[in-house]
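First comes the structure, then the notes that go with it.
Throughout, a chain's letter reflects where its sequence line sits, starting with A, and its residues are numbered from 1.
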Amino acid sequence: MEFLIYSLAWGMALALMASGLSFYYAVSKVANFAHGEYVSVGVIAYLFLVGLEYGLDKCRGFNIVNYAMLTLDKLWIIAAVFIIGGLVAAASFVVVFWPLMRRGASPLQLMVVSIGLMFILRFILYVVASTFDWLTLPSPQATTFNVAGVRVNLAEVLAMILAVIATVSIALFTTKTLLGISMRAVADNPDLAEASGISSFRVQLVAWFIGGGLAAVGGVLMFILTGPPGERPIVEIGWMNLLSIFAAATLGGLGSFYGTLAGSIILGLAYNQVAAWLLDIGLDPQLALAVPFSVTLFVLLFMPQGLAGVDWHGLLARVQKKVGLRGGGGVGGSL
Amino acid sequence: MDLSSLLEFILQYLAVAGVYSLLAISMNVEYGWAGIPNFGKAAFMAVGGAVAAVIATQIGPMLFLGIEGAVPGTLEFFGRYNGEILPAYSQNPLATWGVFILSAIVGGAIAALLGVLFTYPAVRLREDYLAIALLMSAQLIWIVLRTVKPIMGGTMSLILPSPDFKCIAAAIVGGTPPKILVEAIRTGFIWLLVLGYLLYVEKLMGSPFGRKLRIVRDDEVAAEAYGKNVVRARLEAMVVGSFLAGVAGAVYALIHLRSVNPDNYLPDITFMVLTMVLVGGVGNNIGSVVGGMVIALVDRLGYMIGTTLAMSYGVSWGGYLNYLVYGVAIILAIFFRPQGLIPEKPVKTPAWKVYVELTGRRPSFIQPIWTRIKRGVGRVRSRAQESA
Amino acid sequence: MPKNLLEVQNVYKYFGGIRAVDGVSLTVPENSIVGLIGPNGSGKTTLFNVISGYYKPDRGRIIFDGKDITGLKPHEIYRLGLVRTFQNPRMWKSLTVFENVIGAARDQKGESMVKALFKRLWRKQEEDYARQALHWIDFTGLDPVSHMLSSSISGGQMKLTELARALMSNAKLILLDEPAAGVNPTLARKIFDGIERLRREYKLTFFIIEHRLEVLFDYVDYVYVMHRGRIVAEGRPQEVAENPIVVDIYLGG
C-alpha cells in the first residue's frame with residue numbers, strides 16, 4: 001500500500017513536470033531540451049530558499065542534517081519555486097525562442113537551439129551549486145503522517161494534491177478564462193488566432209511561465225521522493241529526468257495536457273513496479289529506466305498521437321462488437 | 001615550453017581533432033544532408049566500442065593470439081586479461097591490428113543495422129519525435145551496456161589493446177623509434193581515415209543520391225509527389241551515417257581513448273558532435289572537419305583553463321566551461337549563421353557540367369563566409385575612398 | 001471515343017465530422033484538359049490529395065490507366081505516371097531551379113546508395129536528363145532564372161518550376177492545383193497556352209483546379225463543379241457557365 005502510494009506520487013510528480021512541457025508545446029511546438037534545466041532550477045531554488053530560512057551560516061559544513069526537510073511551514077517556498085521556474089522559462093522564451101519563431105525557424109532549429117540553452121543554463125547552475133557548496137549536500141526528506149495505519153510523507157501528499165490542483169485549475173483556466181480560451185485557439189490554429197486579434201506572444205508567454213513553474217515544482221517533489229541523483233552532481237537532476245518527461249509527454253501525445261497526466265501515472269506505476277521487481281531478483285534497478293524508453297518507442301511506432309490520439313469511442317465500439325454487444329460507432333472521438 | 005613538447009601537444013590536438021572530424025562527418029550525413037536529427041549518435045559510437053571490447057577480450061585472443069579469451073564480468077577475468085591476454089597483445093603487433101580492423105568492419109555493420117532499427121519507429125513523424133526516439137534508443141543501449149557485463153565489463157573502464165604504431169615507426173627508422181614519431185604516425189593514420197571518410201561521402205553526395213537526400217530534407221511532401229520514397233531515403237542516410245559512426249566508434253575506443261566505459265557514451269558527446277556540425281557547416285563535409293577542429297581546440301583550452309582555475313583560484317566549475325562554449329556556439333550559430341562557417345555546396349553531378357556547357361552560366365549557391373567578409377571589407381573600403 | 005485515363009469512383013473522405021469529399025465520381029479522358037472548379041473549402045484540393053495518394057479514401061476506388069491505385073503511396077502513384085503540383089509552390093529551396101527540375105526525373109539510377117558510388121553506371125543517364133531538364137526549362141520560359149536558388153525566385157516562377165518538374169517526370173496525367181493563381185493575366189494566359197501546346201504536341205492529359213474561370217473556360221474540354229464535397233454540376237464550359245446552380249454557388253458564396 002505504501003509502495004502503491006509512493007508510485008502514484010512519483011507518477012504525479014512526473015506528471016507535473018511533463019505537463020509543463022506539454023503545456024507550452026501545445027502553443028509553441030518546441031520540443032524543449034532545456035525543460036530539464038527548469039527542473040534543476042526548481043531544485044536549486046528550493047534548496048537555496050530553505051537554506052536561507054534555516055540560516056545560511058548554519059548550512060555550511062557537513063554537520064548540518066536535512067535543513068531541506070519539507071515541512072508544512074515551507075509551503076510558501078514551493079510557491080516561490082513555481083514563480084522562479086516560471087520566470088526562467090518565460091525568460092528563455094522571450095530571449096531565445098520567440099525571436100527565432102518570428103524569423104520562421106523550423107521545429108528542428110528550435111529544438112537544436114534548446115540544446116544550446118540547456119548547456120548554458122546547466123553551466124550557470126554548476127557555477128551556483130559549486131559556489132554555494134552546501135547546496136549539493138542534503139538528501140532531504142519530508143514530514144510523515146500516519147493516515148489510517150498507512151505511513152505517507154508530505155511530499156507524496158503534496159505531489160498528489162498539487163497534481164489535482166494543477167489539473168483542475170488548468171481545466172478551469174483553459175475553459176473559463178479569456179486567456180485560456182485564446183491559448184486553445186492558438187494551439188489549434190496559430191495563423192487564424194493571430195488573424196482574429198489574439199496576441200500569440202502573450203498567450204505563449206503565459207504558457208511558458210506556467211510550464212516552467214510546473215517543471216520546477218514537480219522537480220522539487222521528485223527530488224524529495226527519490227533523493228539526489230546518486231553518482232551525478234545535483235545539477236543534473238533535471239537532465240536525469242528529462243527523458244522520462246519526454247516519455248510521459250509522448251505517451252500522452254505531445255501537447256495534450258490530460259493525455260500527459262494519464263501517461264505519467266501509467267509510467268510511474270510501471271517504472272516503480274519494475275524497479276522493485278528488479279531489486280527483488282538482484283538486478284540493478286536502474287534497468288527499469290528501460291521501461292519509459294521502450295514505452296515511448298512503442299507509442300511512436302503504433303500510435304504516434306499518444307493516448308490523446310486514440311479513437312476511444314471507436315475502440316469501445318469494436319470491443320463491444322467483439323463481445324457481441326451492439327455498439328454505436330463513434331467518429332473521431334478523443335480524450 | 002620546449003619545442004618537442006609543443007610538437008607533442010600539437011600532434012595530440014590533431015589526433016583528437018581527427019577523431020572528432022570522423023564523428024562530425026558521420027553526423028553531417030544525417031543532420032546536414034538528410035535533415036535527420038540523430039540525437040542517438042552516442043549509441044552508434046558505443047556499438048563500435050562494444051564490438052571492439054568483445055573482440056579484444058573474447059574473439060581476438062582465439063583468432064589472433066591462439067589463446068582462450070576471457071569474458072568480462074566473470075571472476076577470473078581481470079587475472080587472465082591483465083596477466084595473460086594484454087601482455088600477449090603487446091608481444092604481437094599484428095594481432096592488435098587484427099582487432100582494430102575486425103572491430104571497425106563488424107562495428108560499422110552492426111551500427112548500420114541498428115541505424116535502421118532505431119529510426120524506423122519514428123521515421124514518418126516530425127523531426128522532434130524522431131530526435132526523441134533516437135535519443136531514447138541511445139539511452140537503452142547505454143543501459144544495456146551498463147548491465148550486461150560480458151560486453152564491456154559493466155561500469156568500470158576496460159583497457160583495450162590499441163593498434164601498434166610503434167612497429168610501423170620501427171620499420172621506418174629501425175631500432176627503438178622516438179616517441180614523437182610514433183605519435184606522428186598515429187595522428188597521420190587518423191587523418192588518413194578522415195581523408196577516406198571525406199572521399200567516400202563526397203562521392204556519395206555528388207550523385208543523384210545526394211540530391212535525393214537534399215530533396216527529401218527540403219520538402220518531403222513534394223519529394224513524395226516526385227517519386228522519392230521518403231522513408232527509404234531517410235533510412236539510407238541513417239545506414240551511411242551509422243556505419244561511419246560505428247567505424248568511428250572503434251577508432252574512438254581503440255585509438256583515441258584506448259579503453260571503453262559505457263559512461264563514455266552519454267548524450268553529451270552526441271550534442272558535442274552536433275555542435276561541430278552546426279559550427280562548421282551544415283551539409284558541408286569540409287565544414288564538419290573544421291567544426292571538429294574548432295571543438296577539439298575548445299575542448300583542450302577548456303580543460304587547461306578549468307585546471308588552472310581549480311589550481312590557482314580554487315574554483316571548481318572551470319571543468320564545465322565547455323558546456324558554456326557549446327551552448328553559446330549553438331545559439332549563435334542558429335541565430336546568425338544557420339549554414340555554419342562553410343555553407344553547403346551545390347550537388348555537382350555530371351549534370352552540372354552539361355548545364356554550364358549549354359547555358360554558359362554557373363548555378364549560384366549560398367556564399368561562404370569569407371566571400372561575405374571580403375565583400376564587407378570591399379564595401380567598407382570603397383566607402384572610405386568615397387569619403388576621402 | 002478515347003479511353004478514360006483517370007476514373008474516380010464514388011470516393012469519400014471525412015475528417016472527423018467534416019465531409020471533405022462526399023461521394024465524388026468523375027472521369028478524365030486521355031489527352032484531354034479537364035477543369036475542377038468550386039468555391040474555397042469545397043474539397044477540390046482534398047480530392048487531389050486523395051487521388052495522388054496523400055490521403056487514403058474512406059470509401060471508393062481510384063482507377064488510373066486501368067490500374068486500381070486506391071491506397072497506394074504518392075511515390076508509387078508517381079511511378080505509374082501521375083504527378084501533381086501544389087497550390088502553394090513547394091520548392092526544394094536549397095537547390096537551384098535547374099536542380100529542382102532534374103531532381104524530378106524518374107528512375108534515376110544514381111539514386112541508389114550503392115550505384116551512386118560508381119559514376120559510370122549513371123553518368124550517361126544523368127547527362128541525358130540534364131539536356132531534357134534544360135529543354136523543359138526553355139519550354140516554361142525559366143531560362144533566365146534557372147541558375148538561381150529556387151528560394152530566391154518569384155511566386156509565378158515557382159509555379160512554372162512546379163510545372164517544369166511535372167513535365168520532367170514524364171507523366172501521362174498531370175494534376176495542376178491552381179497553376180495560374182497569383183500571376184498576372186497575361187502570364188496566366190501564357191501558362192494555359194503552354195498547357196494546350198503540351199496536350200497537342202506531347203499528348204499529355206491535364207486535370208486542373210483553377211479559380212480564374214475566365215481563363216480556364218477558354219482552354220478546357222470539360223468542367224466539374226464541386227461544392228461542399230460533392231460534384232454539383234458538370235459539362236462543357238459553356239453549359240457550366242450558364243448552369244443556374246453554378247451561378248448560385250459563385251454568387252451566393
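- Taking the six-membered ring for Trp and thresholds of 30 and 60 degrees, B:F118 and B:F44 have ring planes inclined between 30 and 60 degrees apart.
- Between chain B and the options C:E126, C:K109, C:K73, the largest number of non-hydrogen pairs under 4.5 Å is found for C:E126.
- Proximity to chain B (any heavy atom under 4.5 Å) is restricted, for C:R79, to the side chain, taken from C-beta onward.
- Looking at heavy atoms from C-beta onward, C:F207 lies out of side-chain contact with C:L5 at the 4.5 angstrom threshold.
- Interface residue C:M91: only backbone heavy atoms are found under 4.5 Å from chain B.
- At a 4.5 Å heavy-atom cutoff, the contact between C:L134 and chain B is made by side-chain atoms alone.
- Top candidate by heavy-atom pairs under 4.5 Å with chain C, chosen from B:S207, B:G227, B:G283, is B:G227.
- With a 4.5 angstrom heavy-atom cutoff, B:V239 touches chain C only via side-chain atoms.
- The environment of C:F139 atom CZ is dense: over 12 non-hydrogen atoms of other residues, nucleotides or ligands sit within 6.0 angstrom.
- For the set B:V240, B:N229, B:L358, the entry with the most heavy-atom pairs within less than 4.5 Å of chain C is B:N229.
- Between chain C and the options B:Y200, B:Y226, B:F209, heavy-atom pairs under 4.5 Å are most frequent for B:Y226.
- Contacts with chain B were tallied for C:R165, C:E111, C:Q108; C:E111 has the most, counting heavy-atom pairs under 4.5 Å.
- With a 4.5 Å cut-off on side-chain heavy atoms, C:V34 and C:F206 do not count as touching.
- Ranked by heavy-atom pairs under 4.5 Å with chain B, the list C:H75, C:K119, C:E162, C:E127 is led by C:H75.
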Side chain to side chain contact (heavy atoms under 4.5 Å, CB included) between C:I77 and C:I51: does it pass, once the steps are laid out? CA-CA 9 Å; C:I77 291 173; C:I51 295 172; over 6 Å; no
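- One finds no salt bridge joining C:E99 and B:R214 here, because no Lys/Arg side-chain nitrogen approaches an Asp/Glu carboxylate oxygen to under 4.0 Å.
- Between B:K41 and B:S26, the side chains place a donor N or O and an acceptor N or O closer than 3.5 Å (distance only, hydrogens not considered).
- Here the side chain of C:T70 pairs a donor or acceptor atom with the backbone of C:I62 at under 3.5 angstrom.
- Looking at C:A166, both its backbone and its side chain come within 4.5 Å of chain B, counting heavy atoms on both sides.
- Atom CZ of C:R199 has more than 12 heavy atoms from other residues, nucleotides or ligands within 6.0 Å.
- Of the two parts of C:F86, only the side chain, counted from C-beta on, holds a non-hydrogen atom closer than 4.5 Å to a non-hydrogen atom of chain B.
- In terms of non-hydrogen atom pairs under 4.5 Å with chain B, the most contact-rich of C:W92, C:Y78, C:Y129 is C:W92.
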Assess the residue pair C:T161 and C:N100 against the criterion (side chain to side chain donor-acceptor pair (under 3.5 Å)); give the C-alpha distance rounded to whole Å, side-chain angles, the decisive distance to 0.1 Å, and a yes or no. CA-CA 8 Å; C:T161 309; C:N100 262 272; over 6 Å; no
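- Counting non-hydrogen atoms of other residues, nucleotides and ligands closer than 6.0 Å to CZ of C:R131 gives a total above 12.
- Interface residue C:D143: backbone and side-chain heavy atoms are both found under 4.5 Å from chain B.
- Interface check for chain C: of the options B:R211, B:K353, B:E236, B:K212, the most heavy-atom pairs under 4.5 Å are formed by B:R211.
- Among the candidates C:S52, C:G103, C:G110, C:A130, the residue making the largest number of heavy-atom pairs closer than 4.5 Å to chain B is C:G110.
- For chain C, the option among B:L204, B:T349, B:I215, B:V216 with the highest count of heavy-atom pairs below 4.5 Å is B:I215.
- In summary, the side chains of C:T96 and B:Y355 do not present any donor paired with an acceptor at a separation below 3.5 Å, with no hydrogens or angles considered.
- Of the atoms belonging to C:E76, not a single heavy atom falls under 4.5 Å from chain B.
- Of the listed residues (B:G210, B:A222, B:G206), the greatest number of heavy-atom pairs within a distance under 4.5 Å of chain C belongs to B:A222.
- Of the two parts of B:R217, only the side chain, counted from C-beta on, holds a non-hydrogen atom closer than 4.5 Å to a non-hydrogen atom of chain C.
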